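Keep in mind that what you see is a predicted model, and the values were worked out from it rather than measured.
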Amino acid sequence: MLLSPEQILFYRTHGYLIVEAFLTENEILLYQDEAQQLTNHCYEQGDIVANWGCVVEPLGCGYYDDDQVTQLAKSDHRSYIALRAQYAPLALPLCTLDKFGLCARQLLHDKGDEQLTYLLNEQYIVKPPHSTRAEFAWHQDVLYFSESQRQHSVVSVWTPLSRVSAANGTVLVEPFPDHTSPGVYKDAPGGESSFAAMMEAGSALFMDGRLRHCSSGNQSASFRL
């Protein structure tokens with residue numbers, strides 16, 4: 001999937017980009033099935049909020065044996081796909097690397113730029129029904145990296161697997177105040193420009209690592225994936 005020049009400019013100006021209907025219905029089902037499978041596994045070990053913090057990582061939740069998750073599997077394209085395809089349809093890791101990866105490369109690098117793009121992490125954010133504690137405070141993803149690592153551009157992408165709204169814990173986004181100083185916020189979080197991203201399942205929210213964002217708890221009667 002190729003992004004338009006207008007979409008790329010919007011992302012670089014505001015620090016985020018929402019792409020509606022990013023995933024096909026079949027792709028949504030692939031991720032939903034894996035999310036449910038991994039969530040069930042985590043519930044066998046403890047509470048998804050108290051013990052897992054609502055974060056379910058395919059390679060880090062214990063679903064794969066430790067000796068399977070090798071450094072090669074985390075750093076080599078083919079080895080990663082082979083590992084992920086052991087428990088998920090091949091189309092899933094291919095979608096992660098190729099479909100999401102292609103858009104990330106377009107947002108990270110200028111046309112003709114030959115720099116490599118790396119997948120740093122993948123995770124499902126699972127918010128159980130009526131879980132007011134399942135929230136994430138205002139933050140910028142880049143601050144989780146070391147000073148030296150922050151020299152590299154980072155893009156995060158979140159794709160809800162169910163319809164999201166303020167009621168069930170969607171992401172609240174605060175666009176860059178000034179595109180000439182990306183990620184520099186002088187005021188307290190949650191200003192007038194911040195908004196709740198109302199999105200359908202399969203849409204994609206791309207976020208610059210310097211974008212300020214948060215998410216609230218799930219007040220609905222359904223799981224939010």
**Q** Would you say the side chains of S203 and E20 form a donor-acceptor pair under 3.5 Å?
**A** yes
**Q** Which heavy atom of I125 sits nearest to which heavy atom of V55, and what is that distance?
**A** CD1-CG2, 3.9 Å
**Q** I need the S79 OG to R84 CZ distance, nearest 0.5 Å.
**A** 14.0 Å
**Q** Do you know the tightest heavy-atom contact between L92 and L30?
**A** CD1-O, 3.6 Å
**Q** Are M198 and V19 connected, step by step, through hydrophobic side chains (Ile, Leu, Val, Met, Phe, Trp, Tyr) whose heavy atoms are closer than 4.5 Å?
**A** no
**Q** Checking Q106 against Q7 for the side chain to side chain donor-acceptor pair (under 3.5 Å) test, could you report, in this order, the C-alpha distance in whole Å, the side-chain angles of both residues, the deciding distance, and whether it holds?
**A** CA-CA 10 Å; Q106 294 172 73; Q7 287 175 309; over 6 Å; no
**Q** Checking T24 now: which residues fulfil side chain to side chain contact (heavy atoms under 4.5 Å, CB included) with it, not counting sequence neighbours?
**A** N26, E27, K99
**Q** Within the 4.5 Å heavy-atom criterion, are E135 and C214 side-chain neighbours or not?
**A** no
**Q** Do you know the tightest heavy-atom contact between A197 and T170?
**A** O-OG1, 2.6 Å
**Q** Are Y43 and Y64 in one and the same hydrophobic cluster, where Ile, Leu, Val, Met, Phe, Trp and Tyr link if side-chain heavy atoms are under 4.5 Å apart?
**A** yes
**Q** Can you confirm whether S75 sits close enough to Y118 that some side-chain heavy atom of one is under 4.5 Å from a side-chain heavy atom of the other?
**A** no
**Q** Indicate whether any N or O donor in one side chain lies under 3.5 Å from an N or O acceptor in the other, for Y87 and Q37.
**A** no
**Q** Any side-chain to backbone donor/acceptor pair from Y185 onto E174? Under 3.5 Å, distance only.
**A** yes
**Q** Determine whether F206 and Y11 satisfy the following criterion, ring pair (Phe, Tyr, Trp, His ring centres under 6.0 Å), listing intermediate values before the conclusion.
**A** CA-CA 8 Å; F206 293 89; Y11 171 86; 7.3 Å; no
**Q** Could you report the tightest heavy-atom contact between V56 and P58, atom names first, then the distance?
**A** O-CD, 3.7 Å
**Q** Relative to the ring of Y144, is the ring of H139 parallel (under 30°), tilted (30 to 60°) or perpendicular (over 60°)?
**A** perpendicular
**Q** Hey, does Q36 have a side-chain heavy atom less than 4.5 Å from the side chain of L225?
**A** yes
**Q** Regarding S146 and S148, do their side chains bring together a donor and an acceptor under 3.5 Å, going by distance alone?
**A** yes
**Q** Check the surroundings of atom CG in D187: do more than 12 heavy atoms from other residues, nucleotides or ligands lie under 6.0 Å from it?
**A** no
